[in-house]
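Accompanying notes for the structure given below.
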Protein chains: 2
Amino acid sequence: MKIGEAADASGVSAKMIRYYESIGLIDAPPRSASGYRHYREDDIHMLLFIRRGRELGFSMAQLRTLTSLWRDKSRASADVKRLANAHIETLNERIASLQAMADTLKTLARQCHGDARPDCPILDAFAAHNGQK
Amino acid sequence: MKIGEAADASGVSAKMIRYYESIGLIDAPPRSASGYRHYREDDIHMLLFIRRGRELGFSMAQLRTLTSLWRDKSRASADVKRLANAHIETLNERIASLQAMADTLKTLARQCHGDARPDCPILDAFAAHNGQK
DNA sequence: ATCAACCTTACCACCATGGCAAGGTCAAGC
DNA sequence: GCTTGACCTTGCCATGGTGGTAAGGTTGAT
């Protein structure tokens with residue numbers, strides 16, 4: 001299978017497949033005489049694995065660990081679970097941070113009459129250099 | 001006030017102050033004879049304004065609009081409110097996306113016994129190339 | 001033989017930020 | 001006046017993942 005087909009089959013762009021190879025996340029596949037990369041089923045599975053990990057928000061560094069755990073048939077599931085829990089923690093922090101932003105903005109937006117007049121609590125809050133907020 | 005003091009006073013690093021100037025987000029301040037940037041109170045307020053906007057997750061492009069609204073004493077508060085609401089919407093989308101990731105992972109982690117055994121529903125889900133998920 | 005669709009590598013760009021380097025400036029202490 | 005240290009200047013590199021683009025080679029079908 002050439003890289004374009006592998007990209008279609010895995011949902012990972014050809015560009016990214018080459019990138020993953022360049023950073024050592026996936027193995028370099030065999031090449032045809034003319035230099036074309038050639039992929040097999042297992043490689044597609046790996047790409048799908050990586051794509052799903054990325055879709056769940058794992059970083060490349062974490063994917064590196066996850067793929068090695070995946071390859072390691074004698075891994076301890078505790079290791080995987082630990083990584084997953086750490087990532088859940090990170091996600092929760094990011095959610096809380098975004099939620100706090102949204103809450104603040106919602107409060108401000110509610111106080112803004114939103115008409116043609118120029119006075120605006122949102123801008124006031126941004127500009128506050130006294131203890132207003 | 002020199003840039004270091006402006007950085008301390010505003011919470012925006014000197015590096016970022018120069019960057020904001022380079023992209024035209026803030027005006028270039030007057031320079032001393034030897035080339036040092038010199039800031040006044042109003043410049044600090046602007047930097048604080050920008051910092052608060054960034055802390056609420058607005059993009060640089062949005063900050064550009066917000067600062068121009070701030071400067072425009074005859075703005076309509078509706079314009080500010082519209083921008084804020086659009087950003088709240090974006091934040092909500094990002095939150096929902098992260099929440100979906102976290103929920104999926106939580107479900108998988110709950111199913112993983114997390115001990116020394118190698119079988120792991122998390123990896124299984126990542127690897128699924130049939131309709132398992 | 002030609003043409004389109006593919007492949008290859010090697011760059012540039014993003015966005016906001018930090019770091020580092022090489023050199024100029026200023027103020028305080030001697 | 002000289003040294004020293006803290007500051008300032010510009011400029012370049014790196015991040016992380018991804019897309020784009022360019023210049024050229026390969027393949028397969030007509």
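Predicted model only: the values in this text are computed from it and were never measured. Lettering follows sequence order; numbering is per chain, from 1.
If you check every strand for non-hydrogen atoms under 4.0 Å, A:Arg18 touches a base. Counting non-hydrogen atoms under 4.0 angstrom, A:Arg54 reaches the backbone sugars and phosphates but no base. Nucleic acid contact class of B:Ser32 (heavy atoms, under 4.0 Å, all strands): none.
Among C:dG18, D:dG17, D:dT9, the nucleotide with an atom closest to any side-chain atom of B:Met16 is C:dG18. You'll find that the side chain of A:Tyr36 is closest to C:dC6, out of C:dC6, C:dA16, D:dT9.
The residue among B:Tyr19 and B:Lys2 whose nearest nucleotide of DNA chain C lies closer to the 5′ end is B:Tyr19.
Of the N and O atoms on the side chains of A:Asp119 and A:His113, at least one donor lies less than 3.5 Å from an acceptor on the other residue. Of the N and O atoms on the side chains of A:Asp103 and A:Gln99, at least one donor lies less than 3.5 Å from an acceptor on the other residue.
The closest side-chain heavy-atom distance from A:Tyr20 to A:Leu63 is not below 4.5 Å.
At the phosphate of C:dC7, neither OP1 nor OP2 sits under 4.0 Å from any side-chain N or O atom of A:Arg37. At D:dC8, none of the side-chain N or O atoms of B:Ser34 fall inside 4.0 Å of OP1 or OP2 (strictly under the cut-off). OP1 or OP2 of C:dT25 has not a single side-chain nitrogen or oxygen of B:Arg31 nearer than 4.0 Å. OP1 or OP2 of C:dT17 has at least one side-chain nitrogen or oxygen of B:Tyr20 nearer than 4.0 Å. Here A:Arg51 does not reach the OP1 or OP2 of D:dT18: none of its side-chain N or O atoms lies under 4.0 Å away.
We find that CD of A:Glu21 is positioned 17 Å from C1' of D:dG17, with the value rounded to whole Å. Rounded to an integer number of Å, the gap from B:Arg64 CZ to C:dC15 C1' is 12 Å. Taking atom CD of A:Gln62 as the reference point, atom P of D:dG17 lies 10 Å away to the nearest angstrom. Atom P of nucleotide D:dT26 and atom NE2 of A:His38 are separated by 18 Å, given to the nearest angstrom. Rounded to whole Å, atom C1' of D:dT9 lies 12 Å from atom OH of B:Tyr39. Rounded to whole angstrom, the span from the CG atom of A:Asp8 across to the C1' atom of C:dA5 amounts to 13 Å. In this structure, A:Met1 atom CE and C:dC6 atom P are separated by 15 Å, rounded to whole Å. Between the C1' atom of C:dA16 and the CZ atom of B:Phe58 lies a distance of 17 Å, rounded to the nearest Å.
For B:Phe126 and A:Trp70, the ring centers sit 6.0 Å or farther from each other.
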Could you go through the salt bridge (Lys or Arg N to Asp or Glu O under 4.0 Å) check for B:Asp115 and B:Arg117 one step at a time? CA-CA 6 Å; B:Asp115 56 17; B:Arg117 283 173 293 171; 2.7 Å; yes

